[in-house]
Amino acid sequence: MSLTISQQMFAIAPANERPLLSREQERLVVGKAAWVFAMAKSGQRVCPTICITRQAWEAVKEAKPGSSLHTSWIAALFKLVPKGEEPPKLVVRTAAQTHMAGLARVRGKVDAPKRESEAADPSKPLARAIDRAFESYLHGTPVWTIDTGRDLSKEQIVLVQAATEQKPFSILTRDLSTGELGPVKLHGQSELPQFANPVTARRFCRKMDGLAGAHMVCLVVEENGELVFLSARPVQASISANLEAAIDRVNSGDWTPRKAVSEIDPAQLPQILHPRLTGKKRVAALANGLGVSPGAASGAIVFSSEDASRYRARGKDCILVSVETGPSDIEGMQAAAGILTARGGITSHAAVIARVTGKPCVASVRSLSIDPLHTKVSLGEREFLAGAEITIDGSTGEVYAGALPLSQPKIGGALSTLLDWADGSRTIHVRTNVETEEAAKIALSFGAEGIGLARSEHMFFSTERMVALRRMIFSQNDRDRKQALDGLVEYQADDYARLFSTMEGLPITVRLFDPPLHEFLPRSEEELEDTAASLGLETERLRNRLERMAEVNPMLGHRGCRLAISHPEILDMQIRALVAGARAAIEAHDIPVNLEIMVPFVSSAREVNWVRTKILQLMERLGVSQSESFKFSIGTMIELPRAALRAYDIAKHVDFFSFGTNDLTQTTFGISRDDAPAFLATYQRRGLYDADPFVTIDKKGVGELIKIAIQRGKEANPDLKIGICGEHAGDPESLKFFAGLNVDYVSCSPYRLPIARLALAQSQS
């Protein structure tokens with residue numbers, strides 16, 4: 001039922017009684033007015049306050065003195081007067097639903113009308129102050145719009161409040177850094193006055209905090225040892241403070257654990273999981289790129305893995321700077337404090353490795369150029385020699401000269417408590433994408449429930465393994481190729497044994513060798529010469545072989561299951577290594593192994609069936625059968641549109657699907673994920689894309705393919721397990737989408753696990 005004009009001027013904190021509002025009147029009470037009403041309704045002493053809508057005020061100004069409308073306004077004003085007292089001075093405030101630039105400042109100590117005829121007289125102080133307040137809504141960012149035939153601007157409100165004798169002061173209900181319950185002074189404010197009754201002041205903060213569920217700045221006065229509430233507004237606090245406050249609200253009974261889980265923004269968690277810049281307010285960025293791995297780092301510029309390792313050996317920090325990184329850079333990336341590249345996007349090699357290791361990374365810096373001959377780099381308008389210090393911010397994509405101060409992450413018990421509550425309200429498991437024992441331990445500390453993606457190719461990144469792999473690549477026949485691979489079995493078996501031992505029976509999905517072989521080939525002339533020497537080949541002969549192996553579009557070429565089919569000896573080596581690693585872990589630690597072998601880059605059921613048959617034959621030849629101590633299953637990564645559409649046929653030959661959303665996005669859009677940053681920002685600015693599809697899943701295209709594949713796959717194989725292992729599994733918005741699908745688990749980088757745990761709990765509650 002709509003309100004009459006008279007009902008649009010009412011007391012939200014009457015002087016002589018508690019407020020009593022209709023549902024329609026409560027709907028009008030927004031911004032500061034909402035807090036005034038809530039505190040008055042709770043029984044807290046509040047400065048007498050009334051509100052009036054724009055529609056009512058315009059009507060009152062036109063009404064004649066003595067009319068029923070004019071009389072209603074007079075009656076509302078008298079709600080500000082305590083019994084037996086004279087009308088006080090008045091204060092006029094705006095109260096918008098959201099913050100607006102340009103709103104009128106508080107108008108204080110306004111004389112109350114001396115006669116009833118002056119109550120709405122535009123020439124008198126009160127009416128002028130109210131007019132000015134309403135006029136200020138017309139400036140700044142428009143908030144009130146015409147919607148569904150209702151002119152919301154007519155529902156704007158202005159507050160009229162009784163002025164106080166004492167000087168008001170502001171207090172924080174909680175500390176913005178620690179979350180501790182107040183009263184606390186504002187930053188830059190002089191000390192708070194000595195409270196006549198500190199217990200009452202703390203009780204006031206508890207009440208306001210319980211009502212608002214947020215850090216608040218309250219305007220109050222103290223009378224006879226009691227705080228009188230005037231106004232309040234919410235204020236941003238650190239994620240650490242929000243976490244501590246959430247736990248305290250649950251402990252005090254104001255919130256339930258589920259409420260606490262729902263109120264924390266998962267996107268803010270990286271702020272406490274990684275170092276952050278603390279002193280960049282007056283420092284201009286040298287260059288801007290994409291922040292592809294959160295956190296910040298300072299260090300000396302280095303251009304090679306060898307130099308990065310030397311810096312780490314000396315206990316000094318460095319930033320590895322490269323046009324783009326590849327497998328041969330892995331040791332340098334692990335040694336560096338951060339990574340800076342000229343190319344690449346959110347799913348580039350540098351970005352993926354950085355997120356796994358928890359290092360900050362800035363990619364796609366278009367103004368970055370490297371001169372390796374003179375060991376210098378240009379960033380924007382400036383040049384830096386190797387060894388010069390820079391700072392990168394992997395959250396914002398900014399690069400700065402010099403070493404800026406950093407705050408170190410503080411992961412306290414509040415986060416653990418909140419995540420434990422979150423785990424109780426989600427059914428989708430959260431796994432991690434790792435390949436090393438060290439990364440697996442970090443992931444377990446963040447609550448990983450298994451490994452959803454172990455990229456087997458990442459286990460070839462040491463120098464000696466790279467030599468063995470290159471020997472295999474350049475072999476001229478199957479015998480030489482097999483001989484080269486035999487040496488890799490022992491290396492990988494040890495890696496797998498460590499991984500199985502660390503995970504102690506949790507499921508581990510190992511993806512078979514996936515990337516095109518060109519990623520493991522020498523790139524620079526120096527690397528070419530070293531490789532030729534290690535293989536006993538002439539440099540020119542090796543260069544000719546490289547030219548013959550070159551592919552026009554290697555990411556859509558000889559990779560994934562195609563390698564296993566054309567070079568079965570690679571598959572043989574990997575299965576032998578997996579089995580040897582599993583047996584070593586079982587014998588050494590008496591723990592079960594739960595292995596999931598994933599076939600990558602398939603497009604047809606016949607491909608999957610061919611590889612599955614070979615795997616089962618190899619397992620039989622190695623004497624492996626299903627048991628309580630060694631369980632294994634075979635699945636595939638769905639990362640091509642054809643595979644998604646043919647999911648019904650493929651599902652008949654596998655035990656699980658795992659969606660590789662990075663490649664599925666790039667093959668669905670026809671966009672190279674590494675080259676996309678050059679134009680995606682323009683697309684977003686012009687409204688062609690709502691978001692970067694490599695950051696947040698494209699629900700209408702890629703998402704539709706995932707839905708189709710799950711539906712068809714489950715139809716053919718009801719026991720089919722479904723996982724998501726692309727980088728979207730660490731994005732809160734994407735996780736909301738996945739939570740609505742028939743998904744068993746998601747898998748993301750270790751440092752994104754808390755985000756996934758919290759976001760899934762919120763989406764499933």
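Quick note: residue numbers are just sequence positions, from 1.
- Under a 3.5 Å cut-off, the side chain of Gln762 and the backbone N or O of Ile264 do form a donor-acceptor pair.
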Discussion item. For Ile301 and Ile319: C-alpha separation, side-chain torsions, deciding distance, then whether side chain to side chain contact (heavy atoms under 4.5 Å, CB included) applies.
Written reply: CA-CA 5 Å; Ile301 294 172; Ile319 305 296; 5.5 Å; no
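- Closest approach of Pro750 to Ile442, counting heavy atoms only: CB-CG2, 4.1 Å.
- Taking the side chain as every heavy atom from C-beta outward, Lys736 and Lys699 never approach each other to under 4.5 Å.
- When all heavy atoms are compared, the tightest approach of Pro270 to Ile755 is CG-CD1, 3.6 Å.
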List the atom pairs, with distances to 0.1 Å, where a side-chain N or O of residues 374-383 and a protein N or O form a donor-acceptor pair under 3.5 Å, not counting sequence neighbours.
from: His374; atom 1: ND1; to: Asp371; atom 2: OD1; distance (Å): 3.4
from: His374; atom 1: ND1; to: Asp371; atom 2: OD2; distance (Å): 2.8

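- Within 6.0 Å of CZ in Arg562 there are more than 12 heavy atoms belonging to other residues, nucleotides or ligands.
- If you run side-chain contact (heavy atoms from CB on, under 4.5 Å) between Cys725 and each of Thr432, Ile451, Leu453, Thr509, only Leu453 comes through.
- No donor-acceptor contact under 3.5 angstrom links the side chains of Ser658 and Arg511, judged on distance only.
- For residues 355-366, the pairs satisfying salt bridge (charged side-chain N to carboxylate O under 4.0 Å, His left out) are Arg355-Glu727, with sequence neighbours left out.
- Remark: Gln268 CD to Leu273 CG distance equals 12.0 Å, nearest 0.5 Å.
- Taking His187 as the reference, nothing meets the side-chain contact (heavy atoms from CB on, under 4.5 Å) condition, with sequence neighbours excluded.
- The two residues Ala448 and Leu753 make their nearest non-hydrogen contact at CB-CD1, 3.8 Å.
- The ring-ring contact (aromatic ring centres under 6.0 Å, His included) search around His215 returns none, not counting sequence neighbours.
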Worksheet item: Run the side chain to side chain contact (heavy atoms under 4.5 Å, CB included) check on Phe446 and Arg752 step by step: do they pass?
Response: CA-CA 9 Å; Phe446 285 140; Arg752 303 181 91 178; over 6 Å; no
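- Scanning for ring-ring contact (aromatic ring centres under 6.0 Å, His included) contacts around Tyr689 gives Phe669, Tyr683, with sequence neighbours left out.
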Item to complete: Start with the C-alpha distance between Val746 and Phe659, add both sets of side-chain angles, then the distance that settles side chain to side chain contact (heavy atoms under 4.5 Å, CB included), and finish with yes or no.
Response: CA-CA 9 Å; Val746 300; Phe659 289 90; over 6 Å; no
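- When the shell of 6.0 Å around CZ of Arg233 is examined, it contains 12 or fewer heavy atoms from other residues, nucleotides or ligands.
- Between the CD atom of Glu529 and the OG1 atom of Thr539 there is a distance of 5.0 Å, given to the nearest 0.5 Å.
- When atom types are taken as modelled, the side chain of Ser298 and the backbone of Thr391 share no donor-acceptor pair closer than 3.5 angstrom.
- In this structure, CG on Leu758 lies 5.5 Å from CG on Leu269, to the nearest 0.5 angstrom.
- Minimum interatomic distance between Ser734 and Val695 (heavy atoms only, all atoms of both residues): OG-O, 3.8 Å.
- With no hydrogens or angles considered, no side-chain donor-acceptor pair links Asp495 and Gln492 at under 3.5 Å.
- Between Gly344 and Ser348, the closest heavy-atom pair is CA-CB, 3.7 Å.
- Of the possible polar contacts, none joining the Thr325 side chain to the His349 backbone as a donor-acceptor pair under 3.5 Å is found.
- Counting non-hydrogen atoms of other residues, nucleotides and ligands closer than 6.0 Å to CD of Glu538 gives a total of 12 or fewer.
- Between Asp692 and Gln684 the shortest side-chain heavy-atom distance falls below 4.5 Å.
- The environment of CZ in Arg686 is sparse: at most 12 heavy-atom neighbours from other residues, nucleotides or ligands sit within 6.0 Å.
- Here Asp663 pairs with Arg673 in a salt bridge; the nearest charged N to carboxylate O distance falls below 4.0 Å.
- Across all non-hydrogen atoms, the minimal contact from Ser456 to Phe513 is OG-N, 3.1 Å.
- Using a 4.5 Å heavy-atom cutoff, the side chains of Thr396 and Leu277 are not in contact.
- Looking at heavy atoms from C-beta onward, Pro600 lies in side-chain contact with Glu639 at the 4.5 angstrom threshold.
- Between His728 and the options Thr696, Asp698, Thr661, a side chain to side chain donor-acceptor pair (under 3.5 Å) holds for only Thr661.
- Proximity of Val362 to Glu398: side-chain heavy atoms (C-beta onward) are nowhere separated by under 4.5 Å.
- At a cut-off of 3.5 Å, with distance as the only test, a side-chain donor of Arg685 or Thr682 sits close to an acceptor on the other residue.
- In this structure a side-chain-to-backbone donor-acceptor pair under 3.5 Å is missing from Ser364 to Arg343.
- Under the 3.5 Å distance criterion, the side-chain polar atoms of Ser177 are left unmatched by any main-chain donor or acceptor of Ser238.
- For the atom pair CE (Met503) and CZ (Arg431), the distance works out to 9.0 Å, reported to the nearest 0.5 Å.
- Listed for the Asp514 side chain is no donor-acceptor partner under 3.5 Å among the backbone atoms of Glu457.
- Side-chain atoms of Val352 and Arg455, non-hydrogen and from C-beta on, do get closer than 4.5 Å to each other.
- A distance-only check finds a donor-acceptor pair linking the side chain of Asp329 to the backbone of Gly326 [under 3.5 Å].
- Here CG of Leu705 is found 6.0 Å from CG of Leu664. Values are rounded to the nearest 0.5 Å.
- Contact of the Arg174 side chain with the Val184 side chain is not registered, since no non-hydrogen atoms from C-beta on lie closer than 4.5 Å.
- Taking CE of Met598 as the start and SG of Cys561 as the end, the distance is 12.5 Å to the nearest 0.5 Å.
- Side-chain contact between Ile346 and Leu290 is absent, with no heavy atoms from C-beta onward closer than 4.5 Å.
- The backbone N or O of Asp307 lies less than 3.5 Å from a partner atom in the side chain of Ser304, making a donor-acceptor pair.
- Residues forming a ring-ring contact (aromatic ring centres under 6.0 Å, His included) with Tyr496 (at least two apart in sequence, or on another chain): none.
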Practice prompt. Please lay out, stage by stage, how Ile390 and Leu340 fare under the test side chain to side chain contact (heavy atoms under 4.5 Å, CB included).
Written response: CA-CA 10 Å; Ile390 59 172; Leu340 175 65; 4.0 Å; yes
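- With respect to Glu438 and Lys441, no salt bridge is recorded, no charged nitrogen being found less than 4.0 Å from a carboxylate O.
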